[in-house]
Amino acid sequence: MSSSDSDDEMPLSSRVVSVKTEKNGVVPSRYADDSDSDSDDGVPLAKLKGRVYAAKPSMADSDSGSESDQPLSTNIKAARAVKMPKKEATASAAASNGNAAKAGTKRPKKEPASAQKDAKKPKVSAKDKAAGATKAKNGAKSKIAVKSESNVTATSQDDNGDSDSEEYKWWLEDKNDDGPKWSTLEHFGVMFPPEYVPHGIPMAYKGKPFKMHPAVEEVATFFAALVDTEHGNNPVFQQNFFMDFRALCNKHMGNHPIEEFKNCNFDKIRAHLDVQSAKRKAMTKEEKEVAKKERISIDEMYGFCTLDGRREKVGNFRIEPPGLFRGRGAHPKTGRLKKRVLPEQVTINIGKGAKVPDPPAGHKWGNITHDNTVTWLAMWKENINGSTKYVYLAAGSSLKGQSDMRKYEKARSLVKCIDKIRSEYTKELKSEVMAVRQRATAMYLIDRFALRAGNEKGDDEADTVGCCSLRCEHIDLEPPNIVKFDFLGKDSIRYERTTEVDKQVWKNLRLFQKEPKTPSDMLFDRLTTASLNKHLQTLMPGLTAKVFRTYNASYVFDQQLVDTPAEGTEAEKILAYNRANRMVAVLCNHQRAVSKGFEGQMSKIEDKLLAVRYQRMLLKNHLLEIAPTLKKKRPDLGKKEPGITSSWIKKHLIANCEVDREKATKKFERDNEKLKEAREPVMPKSKLKEILAEIDEREKSIKKGTYVAEPPIAKNALTEKILEKIDKLTERIANIEVNKIEKDENKSTALSTSKINYIDPRISIAWCKKHNVPLEKIFTKTLREKFTWAMDVDKEYRF
DNA sequence: CATCTAACTTAGGATAAGAGCA
DNA sequence: TGCTCTTATCCTAAGTTAGATG
C-alpha cells in the first residue's frame, strides 16, 4: 500500500505531469471496511485517505442517492416484453454459450495457422466449401437450410442480380468467439497509388517563379490543393507543411531561395489543379465509361479475397496515397507530410499455402506472415504518428459481421444485468474509498450520458478527453444538482450539455474538483480506463466501457420506436423512425458540420411554405364567399394563415411579377423557336411587350394596393372541387412543415454514425416488417449488405 | 505494475453519384 | 436537360481494448 499512500500525500499541483504520477491503482481494501461509519459524504474519506481532498463538512445532505431517474432507460423491466422468436432464441443462446465458454478459457496465445490444409483451389463453389469450412467449429447447430428470403420487403432484386441464393449463412452456425479467424486465406495484396507525374509548373517565391524538383513539386502541389481551405489557412498546418517542404527542398535542390512560408505563392499550381478537375468533370460519356470499367476491373481483382474457400469483399485494399496529414481539431502534427508507402514497408498476411501476390515490379514485400489469429490482410506503418494501418475485409464480410453481431449480443446481455450494475454503482457513489467512489461516478456518467471511456493522450495529439480523462475545467457545477459539461471529445467534437444528475453524483463531482486541484487537473485522478474496464469485467463477462454506449443507443432506439403510428402513412412512420434515430444521435453526440448554404435553403423552404399558405388562404376566402354556410361544418376554413401579413403578400406578389416576366420571355422565345423550325411566321416582339406591359400594370396596382388576387382555381368551380383543393394544399403544407422541422433538427446532427455502429440492426429490420416499410427506405445498399446477418429477424424482436 | 503496441471499432469530412427540379 | 441539392460511399483519423514488455 505504501505506494498508494505516498501518492496521496503528493500535493496536487497544477502541472499535468503531477497529475500523471497521481493516478494509480486500487486502494488497499482495508479501507473499505474500516471506518464503517459510512457517514456518506466525503468526510471520512478525506480523513482516511490523507488530506488530498480536504474534508468538506458542509456536504451533509441526506441524499439516498436514488434519484437515478434520468429519463434514459427508465424502466427496463416494464419494456421487456420480450417475445423471443425461435430463431432469435437459438441465436442468442448460442451467443451466450460462447461467452460462458470463453469465460473459463485462456486467451488464445499467438499461434498462427493451425489448420492450414486445403489452401488452393479458389474455384470451388461457395456451397461445397461452406460445408467444409465450417468444420472446425462444428457445434450443435445444424445447417438448417434456411431460405432467408424474408419478406422484409419487396426488396429490389438482391443487388447485383447475384442469384446465388446459397450464400453462406454464418449466423446460423455456432461460431466460436476466440480461436483462429480463418484457416485458409488467399488474396491479391494491396494496390499502390500511381507514381507522381510532374506538371512542371513553378510556384512563386517572392513573386519569382520557382521551378521544382519533382519530389518537391509534388508536395507543393499537395498544399496548392488546400489553399483557401480550413486546413490551408490553419497556421499550424502551414508551419508543419512548410517545415517538411523546406527539408525536402534542402534534400533535392542545392541552394534554393525558400525561406519563409509567407513568401510562397501556389496560385499557378492551383490554377492548374482547377483546370484538371474541370477537365475531369467535363469528361464525355465514353471516357467516363472507360474509367468506370477500369475501376471495376481493379475492384474485381483486389476487391475480393478467398477466406476459408469463400469469396469475400476486401475493404480498403488501396495503400493510402502520400499527402499532407489532415489532423482534426488542434492536432500538433497537422500539415506534416505523409510519405509515400513502399512495398518494402508493407507486410502481407496470407494463408500458408496461398500464392503470395507479386509486389510491384522491382520491389519486394517488407514481410510475409501467415497469422490466422488476426483478420488483416496487409499492414504498414504510417510515418506521422507511427501507428499501424491495416487492410481488412469489408464491412459486409463474414468476419466483420460476426464480430458485429457479437457486439450487439453483448450489449443485449447487459440488458439483463443493468439493474444490478446500476444499483451497485449507485451504492458505491458513497464509498469511502476514493478510487471506488470515482469509479462509480464515472460509471454513472458513462451510463447516463454515453461518455466514452477516455484514455489519456500525449502531447503530440489533439487535446481531447473522454470520461476518465475529464479535467476539472470540463465541468461546472450549479446547486443543487446541475452539471454543465463542456469539453472536446473524439475528433474534437464539442460535448456541451447542461443537465441534472443524481444528487450524490453532484456532490462527488464537487468533491473531486476541490482544492488543491486546479482546473487543469484530472477530475478522476484515481481512475484509469484500464482499472475501470477491469472492474467492469467482474460485473459481466466481456463488459467494457464502450458496451454502455451500444446498449443505451440500441435500448433507447427500441423504446422510441414503440411510438410509431401504426396507422400512419409510410412517411409518418419513417419520420418516427428518424426521430428515434435522432434521439440516439443526440445521446451519443454525433455531430456534423452545418452545410454552407443551410440558412439559404431554410429560408427558401420558409418562402415556399408561405406561398402555399397564401394560396390556401385565397381559396378559403373565396370559398366562404360563395358558400358562407360551410364555415360551421369546416371551422378550419375560418382560421387565419400564420405568417401571412399584408407586407409579406405585397412582397410575394411583386416577386411573382418578376418570375412571370421571366417565364413569359422564355416562353415567347421558345415558341418562336418552334415556329421558326416549322417555317411559320414568328410572333412580333410587340406581342411580348404587350404581355410584359400587362405584368407591369399588375405590379403597379399591387404597389398601389388596389390589386385583388384571384383564387387559384377555375372561376366557377364547385365547392367540392374547391374543398378538395384546399385539402390538398393542407397536406402539402403539412409535408413542407415536417420537412422543415426535420431539416432544422438535422442540420448539425449526424444520424448515420449511430445507424452504422450503435443501433442493433435487428431492431430496424423487425420494425420494417412490423410496419410494412420497405427496408430500403431505412438502409442503403451497403448497410443492407453489412447487416445481412440480421435479415431473418422476427418482427416482434425487441432489443 | 505502468507503458507500449497490436488489432479492431468508431467517426466526420471529402467526394462521387443520384435524385429532384427549374 | 443541365443544374443544384441530397445522399451514399470512400477515406483515413481517432478512438477503445487487452496483451506484451521491461
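A note on names: the letters A, B, ... follow the listed sequences, proteins ahead of strands, and every chain is numbered from 1. Just the heavy atoms: all of them, side chains too, but no hydrogens, waters or symmetry mates, feed the values below.
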*Take A:Gln438 and A:Asp525 through the side-chain hydrogen bond (donor to acceptor under 3.5 Å, both in side chains) test and state the conclusion after the steps.*
CA-CA 8 Å; A:Gln438 290 194 355; A:Asp525 54 304; 2.8 Å; yes
Carboxylate-amine/guanidinium proximity below 4.0 Å for A:Lys747 and A:Asp744: yes
Testing B:dT10, C:dT12, B:dA11 for proximity to the side chain of A:Lys407, the answer is B:dT10
With a 4.0 Å cut-off on heavy atoms, is A:Ser403 in touch with a base, just the backbone sugar-phosphate, or nothing at all?
sugar-phosphate
The contact string for nucleotides 15-22 of chain B, one letter per nucleotide 5' to 3', using protein heavy atoms under 4.0 Å with B, S and - for base, sugar-phosphate only and none, comes out as --S-----
The residue, A:Trp376 or A:Asp404, whose nearest nucleotide of DNA chain B is more 5′ is A:Trp376
Is A:Gln537 near enough to C:dA18 that one of its side-chain N or O atoms lies under 4.0 angstrom from OP1 or OP2? yes
Review point. Is A:Ser297 reaching over with its side chain to a backbone N or O of A:Glu294, donor-acceptor style, under 3.5 angstrom?
Key: yes
Comparing A:Lys490 with A:Glu320, nearest DNA chain C nucleotide closer to 5' gives the residue A:Glu320
In whole angstroms, the gap separating C1' of C:dA13 from CG of A:Asn757 amounts to 14 Å
Between NZ of A:Lys546 and C1' of B:dC8 the distance, given in whole Å, is 9 Å
Considering only heavy side-chain atoms of A:Ala545, the closest of C:dT9, C:dT12, C:dT17 is C:dT17
Q.
Under 6.0 Å between ring centres: does that hold for A:Tyr555 and A:Tyr758?
A. no
Residues of residues 381-393 of chain A with a heavy atom under 4.0 Å from any atom of DNA chain B, listed by number, are A:Lys381, A:Thr388, A:Tyr390, A:Tyr392
Please determine whether a side-chain nitrogen or oxygen atom of A:Arg784 lies at a distance below 4.0 Å from atom OP1 or OP2 of C:dA8. no
Quick one, A:Glu382 with A:Ser387, criterion side chain to side chain contact (heavy atoms under 4.5 Å, CB included). Give me CA distance, side-chain angles, the key distance, then yes/no. CA-CA 6 Å; A:Glu382 148 269 341; A:Ser387 66; 2.7 Å; yes
When rounded to the nearest 0.5 Å, the distance separating CD1 of A:Ile350 from CG of A:Asp371 is 13.5 Å
Whole-Å distance, A:Ile446 CD1 to C:dT16 P, equals 9 Å
Under-3.5 Å N/O pairs linking protein and nucleotides 1-5 of chain C:
residue	atom	partner	partner atom	Å
C:dC5	OP1	A:Lys604	NZ	3.2

So, does A:Ser492 get its side chain near the phosphate of C:dA14, meaning an N or O under 4.0 Å from OP1 or OP2?
no
- Have a look at A:Gly466 and say if it touches a base, only the backbone sugar-phosphate, or nothing, with a 4.0 Å heavy-atom cut-off. nothing
From CZ of A:Arg336 across to P of C:dT12 the rounded distance in Å is 18 Å
So CZ of A:Arg784 and CD1 of A:Ile765: to nearest 0.5 Å the spacing works out to 10.5 Å
Below 4.0 angstrom, N of the basic side chain to O of the carboxylate: do A:Arg326 and A:Glu230 qualify? no
For a quick check of understanding: with a heavy-atom distance under 4.0 Å over all strands, which category does A:Thr464 fall into, base, sugar-phosphate or nothing? sugar-phosphate
So A:Leu342 and A:Trp380, side chain to side chain contact (heavy atoms under 4.5 Å, CB included) or not? Walk me through it. CA-CA 9 Å; A:Leu342 297 174; A:Trp380 75 91; over 6 Å; no
When every non-hydrogen atom of A:Cys467 is compared with those of A:Phe524, the smallest separation belongs to O-CD1, 3.4 Å
Rounded to whole Å, CG of A:Asp463 lies from P of C:dA14 at a distance of 13 Å
Here the distance between atom P of B:dT10 and atom CG of A:Asp760, to the nearest Å, is 13 Å
Item checked: Full working for ring-ring contact (aromatic ring centres under 6.0 Å, His included) between A:Phe325 and A:His331 -> CA-CA 10 Å; A:Phe325 174 67; A:His331 198 298; 5.0 Å; yes
A:Asn455 atom CG is separated from C:dA13 atom C1', nearest whole Å, by 16 Å
inquiry  = Any carboxylate oxygen within less than 4.0 angstrom of a Lys/Arg side-chain nitrogen, looking at A:Glu409 and A:Arg406?
reply    = no
Rounded to whole Å, CE of A:Met379 lies from P of B:dT5 at a distance of 13 Å
